[in-house]
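Report on the structure given below.
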Amino acid sequence: MSESALLVNHLAKTYVSPRGTVTALADVSFRVAAGEFVALVGPSGCGKSTLLRLLGGQLAPEQGAIEFPGWPRPPKRRLVFQEHSLFPWMTVLDNVAFGLEMEGVARQERRAQAMAQLTVMGLADFARHYPHELSGGMRQRAAIARAFVTQPDILLMDEPLRALDAQMRLVIQDELLSLWESTRPMVFYITHDIEEALLLADRVLVMSGQPGRIREEIPSPFGRPRDLTGRTHPEIEDLKWHIWTLLEQEVKRLLQVKSK
Amino acid sequence: MAAFALGWLALWELAARAGWISRLFFPPPTTILLTLGRMLVTGNLAPALALTLYRLALGVAIGAGSGALLGWLMGSSRSVRLALDPIVTALHPLPKLAIFPIFLVLLGIGEASKVALVALTAFFPMVINTLAGVQQIDTTHWEAAANYGARGRALLQRIILPGSLPLVLVGLRLAVNGALMVTIAVEMLSAREGLGALIWLAWQTLRTEELYAVLLVIGVLGLASNSLLELTSQRLLPWKGET
């Protein structure tokens, strides 16, 4: 188990459109160990989502390879999306049970498991509700429940808290950490929030765009198990500043390009 | 609203009885209602209504059913969509009544040609709306479904069918309304029985109060079918919030 990992080697991906070729990713390489929580920060349009869909198997790489060495069977990879990914035509319970249903778990069993997950997260009262009856924060928590209940080996999260306000984020970040501590899947967490990346992850990969590549890899100063109560650490401001200097030029360039 | 309608009817009644408008072409509402009552009790209204409903129901079942199936197929398979989309687009705007003579040649003057035309009318709104229903399913939902392992039958049952259902039901409503119109029209053109035939007979014999009575029945029929479909929609789509 200790050797199993996600290995990304010289990954590249280009999109061909009528207006030309866009290199989304150029020569991206990194390694994530099983049970590790890794965050990826980068400016909009740097190829973060493309990378996540490659890792999830939704897209096929053009060059390079994504390997999963050391797993007894192909690892189960499950995605958590930005928002509105619950199926509006299913109740919260059926949504959370959906992954289990597709794996062929019997109806009663999957409902019991989904209900247990909802109970852990304090959402049991909303099991029979439809997503439109829930707040954005609750919907996103149910989407996280849907992923965790399938006990994935690798959890791929695409800015899951992006659409939520700052206060909701603080609460859900805490919850996410305790969920992760209890089952310890590998997490690959995409965000544009530098602080969030440092607070949640063991390591932060800083990505720059056009074409997307990994600029630097930064270990988080926080230990495990992690308590976010204070959310301060002597090093954290320095690290935030350091990551920002890596990204600043590019964000400024992006804005100039857009304001032209 | 109701008061306005009643006032209008009272004015009509008064105008017709006072002779300000022609009683032949605009018989007073009370006469129409009495005629309707008489036709219901003694006349051939009930069998005509039954026959029209039968043609409508059979045509809608065949046309809307096959339309929905084809819509789901086109929505699920890119190659089927690319192959059939031009044909559907080309045939859809054709006025269905204009094709009726060809159906008469092909299927004879019996029930088959009438039901076929009703079915064809119901078919197109159903294909188009069902396909649109599948296409408006959010990209994220397709991605989530694929990532959690949905494919084949499970994808159809859990994602494609329920996801497209709101627009399928809109399509069904358009199909029923169009089909009712064409059923009556076809009966006026070539049937000896049915509500459309009754209207035509009443017109040719200048029994206009009967004409209005049948119109009233058709109006109620349209109202009833639409309310029924609306109710069905609300039952089948509890996940559609009030907007």
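Just so you know, these numbers come straight off a predicted model, no measurement behind them. Note on naming: letters A, B, ... go to the chains in the order of the sequence lines (proteins, then strands), and numbering restarts at 1 for each one.
Here the side chain of A/H84 pairs no donor or acceptor atom with the backbone of B/H141 at under 3.5 angstrom.
Your options are A/A143, A/P131, A/A147, A/G57, and the one with the most heavy-atom pairs under 4.5 Å with chain B is A/A147. Between chain B and the residues A/E133, A/E103, A/R53, the most heavy-atom pairs under 4.5 angstrom are made by A/R53. Counting heavy-atom pairs under 4.5 Å between each of B/G149, B/P162, B/P166 and chain A puts B/P162 at the top.
Within a 6.0 Å sphere centred on CD of A/Q151, heavy atoms belonging to other residues, nucleotides or ligands number 12 at most. Enclosure of atom CD in B/E193 is not indicated, since only 12 or fewer non-hydrogen atoms of other residues, nucleotides or ligands lie within 6.0 angstrom. More than 12 heavy atoms of other residues, nucleotides or ligands shown are found within 6.0 angstrom of OH on A/Y15. Around atom CG of B/L33, more than 12 heavy atoms belonging to other residues, nucleotides or ligands sit under 6.0 Å away. Within 6.0 Å of CE in A/M168 there are more than 12 heavy atoms belonging to other residues, nucleotides or ligands.
Within the 4.5 Å cutoff, the side chain of A/S85 has no heavy atoms near those of the B/E143 side chain. Side-chain contact check for B/T140 versus A/Q82: every heavy-atom pair is 4.5 Å or farther apart. Inter-residue side-chain proximity for B/L237 and A/W89 is flagged as unmet; no heavy-atom pair is nearer than 4.5 Å.
Taking every heavy atom of both residues into account, A/F98 and B/A145 meet most closely at CE2-CA, 4.0 Å. Across every non-hydrogen atom of B/W239 and A/P88, the tightest pair is CB-O, 2.9 Å.
For B/I159, the parts lying under 4.5 angstrom from a heavy atom of chain A are both the backbone and the side chain. Heavy atoms of A/L86 lying under 4.5 Å from chain B belong exclusively to its backbone. Residue B/R151 does not touch chain A at all, counting heavy-atom pairs closer than 4.5 Å.
Judged by the 6.0 Å and 45° rule, A/R146 forms a cation-pi pair with B/Y148.
Note that the CG atom of B/N147 and the CE atom of A/M102 stand 12.5 Å from one another [nearest 0.5 Å].
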